[in-house]
Amino acid sequence: MKPFTTLKVPETLGFASATMDRVAAKRNDPAFIAEAFAAPDARFLILKEDVPVLSAPSDGTALFERSMLPPDLRSSEMIFLGRHGAGGQPVFVHVEATGSENPEQAMVETRTLIDLRSIAQQGLVPHDEVGLLACAKALSTWHRTHGFCSRCGARSRLADGGWKRVCESCSAEHFPRTDPVVIMVATHDDRVLLGRQPRFPPGMYSALAGFMEPGETIEAAVRREIYEEAGIRCGAVRYLGSQPWPFPMQLMIGAETEALHDTIDIDRDELEDARWFTRDEIKAMFRDEHPQGLKAPHPVAIAHHLLRAWFRG
Ligand SMILES: [Zn+2]
């Protein structure tokens with residue numbers, strides 16, 4: 001197997017912040033959280049039902065000053081992401097209540113709700129802020145969907161700056177989930193296997209992907225998913241890199257693998273199509289010049305960079 005070059009995580013890879021200091025050791029110190037919350041340079045991300053709120057796309061930032069928030073907020077109700085940027089600004093996440101009747105609705109109506117994928121693809125805020133928003137979205141989704149203890153069913157409350165929930169009845173502790181997903185390109189005879197799901201934008205083909213299962217290694221998951229979706233048996237698997245994928249809270253584990261044959265048998269429940277692409281076709285797709293109008297995944301996605309790595313290699 002010819003090894004790929006190491007995947008270099010580029011600036012365009014979305015949803016990963018290079019500069020956030022999570023200050024994880026201090027999350028369980030309420031005095032520290034309160035002090036960070038009160039700091040004049042504290043900044044706030046706002047989410048409405050897991051959708052980021054921007055004051056205006058043209059502002060070029062998702063970080064709000066305190067004056068933009070409701071006046072009676074308490075630090076114990078906020079998610080503390082960590083310290084951001086060269087100045088180490090404390091960053092908190094304010095999750096606005098669901099529904100249209102809440103008193104904060106008027107504030108939201110003067111701003112803009114934009115889905116995180118569009119923010120990343122259109123570069124509406126700096127790259128590191130996309131990473132902060134991704135972390136904020138994953139955490140807020142988790143809090144919104146885990147309000148009750150999975151052990152006893154009682155209500156749970158936010159703790160440790162939002163990085164834990166504690167059951168008010170049995171004291172069980174619950175921690176935010178990240179679901180691992182393998183995403184991989186199989187290669188055979190200097191061609192690469194890509195597929196398309198019906199929900200993809202028209203003409204786009206991407207790396208196959210699927211959730212890992214309990215008790216499974218990354219290598220086994222890569223081989224199983226390609227066999228299930230495309231009927232191809234694969235051999236060696238090589239890890240290339242990873243990407244947080246907050247839709248809603250996944251970790252994409254990027255890999256390449258060597259196909260042992262090239263006969264495709266598509267699972268039509270999963271894929272609309274799967275096929276082999278030559279190097280020339282991939283080059284044309286990167287340039288948006290494929291004769292059939294086929295397109296590569298967007299550069300914010302790790303799938304794009306798995307393909308780039310194969311193309312370079
Ligand atoms: Zn409980």
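Just so it is clear, the model here is predicted, and its values are computed rather than measured. The chain is numbered in sequence order, starting from 1.
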Does the side-chain contact (heavy atoms from CB on, under 4.5 Å) test come out yes or no for C170 and C149, once each step is laid out?
CA-CA 9 Å; C170 76; C149 177; 3.9 Å; yes
side-chain contact (heavy atoms from CB on, under 4.5 Å) between L69 and I46, intermediate numbers included
CA-CA 9 Å; L69 295 171; I46 304 177; 3.7 Å; yes
Full working for side chain to side chain donor-acceptor pair (under 3.5 Å) between E129 and T61
CA-CA 7 Å; E129 287 189 27; T61 181; 3.1 Å; yes
CA sep, side-chain torsions, deciding dist, call: M212, I218, side-chain contact (heavy atoms from CB on, under 4.5 Å)
CA-CA 7 Å; M212 292 187 61; I218 292 172; 4.0 Å; yes
One pair to check against side-chain contact (heavy atoms from CB on, under 4.5 Å): L294 and F277. What are the steps and the verdict?
CA-CA 11 Å; L294 305 186; F277 288 80; 3.8 Å; yes
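In this structure, the side chains of L63 and L45 come closer than 4.5 Å at one or more pairs of heavy atoms. Within the 4.5 Å cutoff, the side chain of I183 has no heavy atoms near those of the W245 side chain. Using a 4.5 Å heavy-atom threshold, the side chains of W310 and D190 count as touching. You'll find the side chain of L81 reaches within 4.5 Å of the side chain of L139, heavy atoms only. Inter-residue side-chain proximity for I282 and L194 is flagged as met; some heavy-atom pair is nearer than 4.5 Å. Side-chain contact between H146 and H174: absent, with no pair of heavy atoms (C-beta onward) separated by less than 4.5 Å. Considering only heavy atoms from C-beta on, W163 stays 4.5 Å or farther from N28 through its side chain. The shortest side-chain heavy-atom distance between I226 and T257 falls under the 4.5 Å cut-off.
Between T178 atom OG1 and Q250 atom CD the span is 10.0 Å, to the nearest 0.5 Å. Note that CG of L116 and CG of L124 are 10.5 Å apart. Values are rounded to the nearest 0.5 Å. Distance check, rounded to the nearest 0.5 Å: NZ of K295 to OG of S206 gives 14.5 Å. To the nearest 0.5 Å, atom CD1 of residue I264 and atom CD1 of residue I232 are 4.5 Å apart. If you take CD on E65 and CZ on F44, they are separated by 10.0 Å, rounding to the nearest 0.5 Å. One finds the NE2 atom of H84 at 10.5 Å from the CE atom of M20 (value rounded to the nearest 0.5 Å).
M252 and F211 end up in the same hydrophobic cluster when Ile, Leu, Val, Met, Phe, Trp and Tyr side chains are linked at under 4.5 Å. Residues L271 and M184 share a hydrophobic cluster, clusters being chains of Ile/Leu/Val/Met/Phe/Trp/Tyr side chains in contact below 4.5 Å. Under the 4.5 Å side-chain contact rule for hydrophobic residues, M204 and F286 do not share a cluster. Placement of V51 and V53 within a single hydrophobic cluster is found when ILVMFWY residues are connected by side-chain heavy-atom separations under 4.5 Å, directly or transitively. The hydrophobic cluster containing F175 does not contain M249, counting ILVMFWY residues as joined when their side-chain heavy atoms lie under 4.5 angstrom apart, directly or transitively.
A donor-acceptor contact shorter than 3.5 Å links the side chain of H304 to the backbone of P297. In this structure, R66 contributes its side chain and F37 its backbone to a donor-acceptor pair below 3.5 Å. Judged purely by atom type and a 3.5 angstrom limit, R196 has no side-chain atom pairing as donor or acceptor with the backbone of P202. Proximity of a side-chain donor or acceptor of Q243 to a complementary backbone N or O of G14 within less than 3.5 Å is detected. Here the side chain of H143 pairs a donor or acceptor atom with the backbone of G162 at under 3.5 angstrom. Side-chain atoms of E216 come within 3.5 Å of backbone atoms of E213 as a donor-acceptor pair (strictly under, hydrogens ignored). Although no hydrogens or angles enter the test, the distance criterion places a donor-acceptor pair under 3.5 Å between the side chain of R279 and the main chain of F311.
For the pair R27 and F80, the cation does not sit on the ring face, since its NZ or CZ is not both under 6.0 Å from the ring centre and inside 45° of the axis.
E173 has a carboxylate O that lies under 4.0 Å from a charged side-chain N of K164, or vice versa, which qualifies the two as a salt bridge. Salt bridge K26/E35: absent, no basic N to carboxylate O contact under 4.0 Å. Using a cut-off of 4.0 Å between Lys/Arg side-chain N and Asp/Glu carboxylate O, R177 and D179 are scored as salt-bridged.
Nearest approach of I114 to I119, heavy atoms of both residues: O-CD1, 3.5 Å. Residues T141 and P248 share a closest heavy-atom pair of CG2-CB, 3.8 Å. When all heavy atoms are compared, the tightest approach of P90 to R83 is CG-NH1, 3.6 Å. Pairing each heavy atom of S140 with each of L47, the nearest pair is OG-CD1, 3.3 Å. Here the closest heavy-atom approach between residue R268 and residue E272 is recorded as NH1-O, 2.5 Å. The nearest pair of heavy atoms linking H188 to A259 is CD2-O, 3.3 Å.
Between E281 and the choices Q292, R191, R275, the side chain to side chain donor-acceptor pair (under 3.5 Å) rule is met once, by R275.
If you check the side chains of R233 and H261, you find no donor sitting under 3.5 Å from an acceptor.
Between F15 and F247, a ring centre-to-centre spacing shorter than 6.0 Å is recorded.
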